[in-house]
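Residue numbers count from 1 along this sequence. We use all heavy atoms of the structure for the numbers below, so side chains are in, but hydrogens, waters and symmetry mates are not.
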Amino acid sequence: QVQLVESGGGLVQSGGSLRLSCAASGFTLHNYAIGWFRQAPGKEREGVLCIRKNDVITYYIDSVKGRFTISRDNAKNTVYLQMNDLKPEDTAVYYCAAKYTILSSCGGNRGWYDHWGQGTQVTVSS
């Protein structure tokens, strides 16, 4: 059974850091592009960043550049989202998503992805 499970969310003060994990089961992540999305209350789900099969990263939100990064640990079949210098506007439910790709491509649209996790809440207090 294909499954993605996010963890690591929580409540943090502005300027703090969190590392989210996205653990896969039923498939091997290194054959997939992995994206992180977020959805704030009353807003659409938006793409944050994506890591390609060749580990090239694409950012979809300018305000997270320099603060967020994504990495993968193939041995653990897990992808991480490291978030530093968090701001209240980063408050959202964060989702990871996976797409099998032959080429090293990435997508910022939710419809591009095949598999989704259940989400993990990140709350940043001011």
Asker: Under 3.5 Å, sequence neighbours excluded: what are the donor-acceptor pairs made by side chains of residues 24-31?
Answerer:
from	atom 1	to	atom 2	distance (Å)
Thr28	OG1	Asn31	ND2	3.3

Asker: List for me each residue that meets side chain to side chain contact (heavy atoms under 4.5 Å, CB included) alongside Ser14, sequence neighbours excluded, and say none if there are none.
Answerer: Pro88, Val124
Asker: If hydrophobic residues (ILVMFWY) are linked whenever their side-chain heavy atoms come closer than 4.5 Å, directly or via other members, who joins Tyr80 in its cluster?
Answerer: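 Joined to Tyr80, directly or through intermediates: none.
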Asker: Please collect all salt bridge (charged side-chain N to carboxylate O under 4.0 Å, His left out) contacts where either partner lies in residues 8-18, sequence neighbours excluded, each pair once.
Answerer: none
Asker: Per the disulfide (SG to SG under 2.5 Å) rule, what does the pair list look like for residues 40-71, sequence neighbours excluded?
Answerer: Cys50-Cys106
Asker: Which residue pairs pass the disulfide (SG to SG under 2.5 Å) test when at least one of the two sits in residues 72-104, sequence neighbours left out?
Answerer: Cys22-Cys96
Asker: Using the side-chain contact (heavy atoms from CB on, under 4.5 Å) rule, pick out the option among Asn84, Leu86, Ile61 that qualifies with Phe68.
Answerer: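 Between Phe68 and the candidates, side-chain contact (heavy atoms from CB on, under 4.5 Å) is satisfied uniquely by Leu86.
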Asker: Checking Glu46 now: which residues fulfil salt bridge (Lys or Arg N to Asp or Glu O under 4.0 Å) with it, not counting sequence neighbours?
Answerer: Arg38
Asker: Hey, does the side chain of Ser21 reach the backbone of Ala23 with a donor-acceptor pair shorter than 3.5 angstrom?
Answerer: no
Asker: If we ignore angles and hydrogens, is there a donor and acceptor under 3.5 Å between the side chains of Thr58 and Arg52?
Answerer: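 A donor-acceptor contact under 3.5 Å links the two side chains.
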Asker: Taking only residues two or more places apart in sequence, or in another chain, which ones meet Asp114 in a salt bridge (Lys or Arg N to Asp or Glu O under 4.0 Å)?
Answerer: Lys99
Asker: Could you list all the salt bridge (charged side-chain N to carboxylate O under 4.0 Å, His left out) pairs where at least one residue sits in residues 11-21, not counting sequence neighbours?
Answerer: none
Asker: Keeping to residues at least two apart or across chains, list the side-chain hydrogen bond (donor to acceptor under 3.5 Å, both in side chains) pairs with something in residues 65-77.
Answerer: Asp55-Arg72, Asp62-Lys65, Arg67-Asp90
Asker: Hydrophobic side-chain clustering at under 4.5 Å (ILVMFWY, transitive links): who's grouped with Phe37? Put none if nobody.
Answerer: Val93, Tyr95, Trp112, Tyr113, Trp116
Asker: Under the side chain to side chain donor-acceptor pair (under 3.5 Å) rule, collect the residues that match up with Ser63, sequence neighbours excluded.
Answerer: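 Checked Ser63 against side chain to side chain donor-acceptor pair (under 3.5 Å); zero matches.
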